[in-house]
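This one's a predicted model, so the numbers in the text were calculated from it and none came from an experiment. Side chains included, hydrogens not; waters and symmetry mates left out as well; all remaining heavy atoms used.
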Amino acid sequence: MESIQVSLQGESSQALPKGITAKAALEKLKGAVPPEVFAVKANGVEIDLLAPLEIDATLQPLGFDSPEGKEIYRHSSTHIMAQAVKECFPSAQLTIGPAIEEGFFYDFAFERPFTPDDLEKIEARAFEIINRNLSVSRREFSKAEAIEFFKNRGEFYKVELIQGFPDGEPVSAYTQGDFVDLCRGPHLPATGYVKAFKLLNSAGAYWRGDERNPMLQRLYGTSFPSKEALQAYLDNLEEIKRRDHRKLGKDLDLFSIQDETGPGLILWHPKGAQIRLLIENFWREQHLANQYELVYSPHVARLDLWKTSGHVDFYKENMYAPMPVESSEYQLKPMNCPFHIMVYKSHLRSYRDLPIRYGELGTVYRYERSGVLHGLMRVRGFTQDDAHLFCRPDQLGEEVQKVLKFITGMLGTFGFTEFKMFLSTRPEKAVGTIDQWDQATLALETALKSGGYTYQEDPGEGVFYGPKIDVKIQDALGRSWQCSTVQVDFNNPERFGLTYVGDDGKTHQPIMIHRALLGSIERFFGILLEHFGGAFPAWLAPVQVTILPISEKHQGYAQEVEKSLRQEGCRVALDLRNEKIGLKIREAEKAKIPFMIVVGDREAEAKMVAVRQRNGKNLGTMPIIDLVTLIREDMPEAVRKGSLLFE
RNA sequence: GCUGGCGUAGCUCAAUCGGUAGAGCAGCGGUUUUGUAAACCGCAGGUCGGAGGUUCAAUUCCUCUCGCCAGCUCCA
């Protein structure tokens with residue numbers, strides 16, 4: 001019999017008969033295969049546990065603990081859900097059903113939306129299918145056979161999918177019981193491998209994501225190798241709900257969005273405004289310290305400006321309609337860039353002047369379709385922490401590098417230390433020469449590499465005017481958010497005819513960099529709010545200390561304490577209500593005020609304060625100045641110093 | 001914008017299978033003078049998101065509209 005060489009990663013190989021299943025090979029190499037292993041990577045390709053090995057192979061067992069294994073597990077789970085749907089509702093047609101980050105979904109063509117009752121039925125049936133422990137097997141068709149097969153089964157969406165496949169390549173399908181689905185695989189060996197399964201919700205989705213196509217019924221679910229892991233996931237969902245910035249914003253009285261003002265437009269209440277002010281002050285200090293110049297620009301401008309910038313052509317759907325003013329038209333600004341460009345243009349510039357860095361907390365208005373608005377995260381009026389850098393081509397790399405340091409420094413100050421960087425390259429529809437793109441992309445790449453950042457490439461995801469780097473941060477619940485962006489632009493300098501005089505006495509075109517560190521203040525505030533669950537660190541808390549007198553006779557001393565703290569620059573509240581101390585503490589806790597001071601006879605006599613933290617920890621009695629020190633020590637270095645060079 | 005769900009007091013939520021709504025908290029008045037997560041009593045508070053229709057009668061049924069929520073799509 002023919003034999004092949006098979007090995008586990010990093011171990012010596014054994015000769016095994018050709019055609020042996022991956023599972024049998026693993027048994028020969030390593031002994032019995034535990035149920036946690038349900039698929040294999042052979043020479044880097046994921047295959048079924050029962051797939052035959054035809055060539056020499058290095059094997060790597062896959063379980064739920066690997067990203068590939070997790071995807072296989074979820075993918076098989078979605079097949080189980082699909083089988084359950086077909087058994088409950090035979091007229092539903094299969095479309096697609098991939099694994100996603102936290103679980104899986106499957107889209108069905110069905111005559112009506114699934115009701116909560118339907119979901120229960122489907123879930124119950126899915127459990128049954130898991131208990132049947134159906135073995136899952138793979139078969140291959142030619143393209144024509146596959147089309148015929150799925151046509152006979154009445155799965156016309158599948159037929160459409162297969163018709164889009166390349167000719168001449170085999171088409172695979174997986175069978176479990178009576179259920180057959182078109183699928184690349186691999187899959188779990190049997191349905192019983194799924195230990196914890198849950199249907200989460202249903203929603204509409206368009207066939208192939210295009211709103212002109214029919215609406216399908218999408219079912220979301222998730223699965224885990226243990227009940228405990230599923231429960232932990234569900235608990236996390238609860239925690240996310242508890243931390244929802246819309247709920248916290250209301251509970252803590254930070255902001256509101258009201259019908260009468262209009263959707264997507266934020267009203268900042270005093271406490272929210274206080275936090276925002278702290279963020280903005282810090283932002284301005286840092287920009288001045290890092291050699292940015294701050295500018296201000298108007299909220300409307302002549303429509304002609306937006307024609308020059310290209311926004312009227314490329315950004316129209318997100319812009320509000322222009323308004324007539326005297327004999328010309330004006331446009332509410334969707335971006336800040338043209339204004340900064342006009343500031344640059346107000347002088348003749350020398351190569352010695354560059355780089356020039358203009359920064360502004362610039363409020364812009366963008367029309368967003370009503371269905372996409374979401375609390376502070378997606379709004380119609382927002383403030384970008386915008387800056388535009390104008391530099392010579394030879395300065396591009398260094399400038400980008402500085403921006404990246406500024407990003408990590410700034411976000412780090414707010415407690416975000418996990419960064420993921422993405423380099424987006426030339427999209428199909430783009431302006432500028434290939435040479436310009438190559439040069440700019442190289443500059444971004446070099447900046448990433450020399451900064452020691454790991455990054456991922458997003459080919460074709462750049463903006464039409466230049467490549468960009470996006471930075472995503474990770475919050476306390478492990479979710480990632482894109483805040484910062486650095487975009488190279490050779491389009492606008494061209495459109496606006498920007499120049500500088502070089503050392504050769506000739507005019508040259510500067511390169512522009514658009515960048516934001518926080519993205520938008522609204523959105524960043526929402527992210528911060530959820531990250532801290534509303535319990536802002538003392539340096540950001542709208543009220544840092546609240547003073548709680550035991551009874552009316554301690555009001556005098558409480559007011560003295562208030563005055564001292566205020567003089568030290570602390571943000572203080574004083575609760576003079578005729579209420580018991582327990583109630584005052586309860587409410588201070590709910591308001592998530594970092595420090596509470598209880599003052600009664602003992603404190604008044606000793607001229608001290610009894611300090612309690614919002615986590616319930618009692619810090620005991622101390623002089624007022626010690627509390628001031630505690631609050632100051634909580635400040636990040638950059639905030640305490642007023643400025644820090646992120647270089 | 002599309003699909004589905006939902007709009008009742010400042011907030012969180014009840015109720016009415018068509019006969020104009022109720023609780024807790026918050027607010028106001030009073031009693032209490034209080035030691036680390038809710039003292040007690042009382043009062044007031046709503047054109048039941050808005051407009052139209054059906055009906056003797058609409059918060060309830062129908063139509064339209066505005067907004068919110070989930071998802072699609074898009075994005076700071």
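Between A/Arg612 and B/A37, a side-chain N or O to OP1/OP2 separation shorter than 4.0 Å is present. Dashed line: the shortest gap from a side-chain N or O of A/Arg246 to OP1 or OP2 of B/A70 is under 4.0 Å. Regarding contacts with the backbone of B/A76, every side-chain N or O of A/His514 stays at 4.0 angstrom or more from both OP1 and OP2. For the pair A/Lys250 and B/U12, the criterion of a side-chain N or O lying under 4.0 Å from OP1 or OP2 is met. Close to B/C72, at under 4.0 Å from its OP1 or OP2, lies no side-chain N or O of A/Arg208.
Backbone-only engagement by A/Gln482 is indicated by non-hydrogen atom pairs under 4.0 Å involving sugar-phosphate atoms exclusively. Note on A/Ile581: only backbone sugar-phosphate atoms sit closer than 4.0 angstrom, heavy atoms only; bases stay farther off. No contact: A/Gln555 has no heavy atom under 4.0 Å from any strand. Base engagement by A/Glu368 is indicated by at least one non-hydrogen atom pair under 4.0 Å involving a base atom. Contact annotation for A/Leu583: backbone-only contact, meaning every heavy-atom pair under 4.0 Å involves sugar-phosphate atoms and none involves a base. Among the atoms of the strands shown, base atoms are found under 4.0 Å from some heavy atom of A/Ala610.
With A/Asp244 as the fixed residue, the salt bridge (charged side-chain N to carboxylate O under 4.0 Å, His left out) test singles out one of A/Arg246, A/Lys241, A/Lys247: A/Arg246.
Here, B/A15 and B/U54 have their P atoms 31 Å apart, quoted to the whole Å. Rounded to whole Å, the C1' atom of B/U33 lies 45 Å from the corresponding atom of B/G49. For the C1' atoms, the distance from B/U59 to B/G22 is 14 Å, rounded to whole Å. The C1' atoms of B/C2 and B/U73 are separated by 9 Å, rounded to the nearest whole Å. Taking atom C1' in both B/G53 and B/U8, the straight-line distance is 22 Å, to the nearest Å. For the P atoms, the distance from B/G30 to B/G35 is 23 Å, rounded to whole Å. B/A51 and B/A58 have their P atoms separated by 14 Å, given to the nearest Å. When the P atom is compared between B/C13 and B/C69, the two are found 14 Å apart, to the nearest whole Å.
Here the side chain of A/Arg378 is nearest to one of B/A26, B/C72, B/C74, namely B/C74. Among B/A76, B/G35, B/U36, the nucleotide with an atom closest to any side-chain atom of A/Asp601 is B/G35. Of the candidate nucleotides B/A76, B/G71, B/G35, B/G35 has the atom lying nearest to any side-chain atom of A/Ile550. Checking B/A37, B/G1, B/G35 against every side-chain atom of A/Lys590, the shortest atom distance belongs to B/A37. Relative to the side chain of A/Asn618, the nucleotides B/G35, B/U36, B/G67 differ in distance, and B/U36 lies closest. You'll find that the side chain of A/Ala205 is closest to B/C72, out of B/C72, B/A70, B/A37. Counting only heavy atoms from C-beta on, A/Pro263 has its side chain closest to B/G67 among B/A76, B/G35, B/G67. Distance from the side chain of A/Arg369 is smallest to B/G1 among B/G35, B/G1, B/G71.
Both tests hold for A/Arg218 against A/Phe105: distance to the six-membered ring centre under 6.0 Å, angle to the ring axis within 45°. Cation-pi contact between A/Lys472 and A/Phe422: present, with separation from the ring centre below 6.0 Å and deviation from the ring axis of at most 45°. Both tests hold for A/Lys333 against A/Phe339: distance to the six-membered ring centre under 6.0 Å, angle to the ring axis within 45°.
In this structure, CG of A/Leu219 is placed 13 Å from P of B/C72, rounded to the nearest angstrom.
Where A/Tyr220 and A/Val379 meet RNA chain B, the nucleotide closest to each residue was compared, and A/Tyr220 sits on the side nearer the 5' end. When each of A/Gly582 and A/Ile257 is assigned the nucleotide of RNA chain B bearing its nearest heavy atom, the one mapping closer to the 5' terminus is A/Gly582.
A donor-acceptor contact under 3.5 Å is formed by the side chain of A/Arg586 with the base of B/A38.
Shortest non-hydrogen contact noted between A/Phe110 and A/Gln217 is CB-CG, 4.2 Å. In this structure, A/Phe390 and A/His340 approach most closely via the heavy-atom pair CZ-O, 3.9 Å.
Taken together, the paired segments of RNA chain B that extend over three or more consecutive Watson-Crick or G-U pairs, each closer than 3.5 Å at both contacts, are B:1-7 with B:66-72, B:10-13 with B:22-25, B:27-31 with B:39-43, B:49-53 with B:61-65.
Salt bridge status for A/Glu155 with A/Lys86: present, with a side-chain N to carboxylate O gap under 4.0 Å. We find that A/Arg74 and A/Glu102 are not joined by a salt bridge, their nearest charged nitrogen and carboxylate oxygen being 4.0 Å or further apart.
Between A/Tyr157 and A/Leu94 there is no side-chain heavy-atom pair separated by less than 4.5 Å.
For an aromatic pair to be called close, the ring centres must be under 6.0 Å apart, and A/Phe382 with A/Phe525 fails this.
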